[in-house]
Amino acid sequence: MGSGNVMGGAREARTGGTQHGSTPNRPARLATALGIAGLIPFAAGAALALLSDDAAAARAALLACGAVILSFLGAVHWGLALASGPTDTRRAMRRFAISVLPSLLGWAALLLPQASGFALATAAFALLLATETLGPLRAGLPGWYLRLRIGLTLGALVALAIGAPIGGGGPA
């Protein structure tokens, strides 16, 4: 946390992190704004899957968005592994190994029939979030990032649930 006391920690939690005392963390605010903007394709894809005459195409676009974002989320951990110091080799190796799984799962989701692809993408988002918040990837992640990830992942999961095909769903 930015401060060494409980009150400073509470302030950091409210402001999304602090730098230099009470100045809000600008990168955290920018990341939050960009993250929320990143939900626009999810919301649009879900809405189009419900309302469009070409629901299959809308679902394909929504699933592709999910695959791209899964790759992005894996890249966060690739970057953290690159930035880890030489004394933290074990954690870096774990991060490198885990960082490629989201993109591989997203790619596989695109190759499956839509219903199965949506299920795989949904599971990948949920498992990555669980690993980040409860598991070995939590170390080194700032609190504001974890709070942001929870909200953004819930938004992505809701959109995937809304847009998912009912039944077999046909090819991706």
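Computation of the quantities below employed the complete heavy-atom set of this structure, encompassing side-chain atoms and omitting hydrogens, waters and symmetry-equivalent molecules. We number each residue from 1, following the sequence as shown.
- A continuous path of ILVMFWY side-chain contacts below 4.5 Å connects I98 to L146, so both sit in one hydrophobic cluster.
- Of all heavy-atom pairs between A58 and A49, the closest is CB-N, 3.5 Å.
- Residue pairs meeting the side chain to side chain donor-acceptor pair (under 3.5 Å) criterion with at least one partner in residues 94-104, sequence neighbours excluded, are H77-R95.
- The hydrophobic cluster analysis finds L48 isolated: no Ile, Leu, Val, Met, Phe, Trp or Tyr side chain comes under 4.5 Å of it, directly or through other members.
- Residue A159 comes nearest to A46 through the heavy atom pair O-CB, 3.5 Å, listed as atom of the first residue, atom of the second, then distance.
- No path of Ile, Leu, Val, Met, Phe, Trp and Tyr side chains, each step under 4.5 Å between heavy atoms, connects Y145 with W78, placing them in separate hydrophobic clusters.
- Expressed to the nearest 0.5 Å, how far CZ of F125 lies from CG of L154 amounts to 11.5 Å.
- Contact detail for L120 and A108: the closest heavy-atom pair is CD2-CB, 3.8 Å.
- Taking all atoms of both residues into account, the shortest heavy-atom contact from F118 to L62 is CE2-CD2, 3.7 Å.
- Within the 4.5 Å cutoff, the side chain of P165 has heavy atoms near those of the Q114 side chain.
- Residues L112 and G117 approach most closely at CB-N, 3.8 Å, considering heavy atoms.
- Between atom CG of residue L63 and atom SG of residue C65 there is a gap of 9.5 Å, rounded to the nearest 0.5 Å.
- Between L80 and L141, some side-chain heavy-atom pair lies under the 4.5 Å cut-off.
- L110 and L160 fall within a single hydrophobic cluster, where Ile, Leu, Val, Met, Phe, Trp and Tyr are joined by side-chain heavy atoms under 4.5 Å apart, directly or via other members.
- In this structure, L73 CG and L101 CG are separated by 13.0 Å, a value rounded to the nearest 0.5 Å.
- Linking ILVMFWY residues whenever their side-chain heavy atoms come closer than 4.5 Å, directly or via other members, leaves V100 and M93 in distinct clusters.
- A distance of 7.0 Å separates CD1 of I36 from CG of L148, quoted to the nearest 0.5 Å.
- Under the 3.5 Å distance criterion, the side-chain polar atoms of R138 are matched with a main-chain donor or acceptor of T133.
- Distance CG/L105 to CG/L127: 8.5 Å, rounded to 0.5 Å.
- Side-chain heavy-atom separations under 4.5 angstrom define the hydrophobic clusters, and the remaining members of the one that includes L51 are L50, V158, I162.
- Considering OG of S116 and CG of L111, their distance stands at 12.0 Å, rounded to 0.5 Å.
- By the criterion of side-chain heavy atoms lying less than 4.5 angstrom apart, applied directly or through intervening Ile, Leu, Val, Met, Phe, Trp or Tyr residues, L152 is grouped together with L128 in one hydrophobic cluster.
- In this structure, G74 and P102 approach most closely via the heavy-atom pair CA-CG, 3.9 Å.
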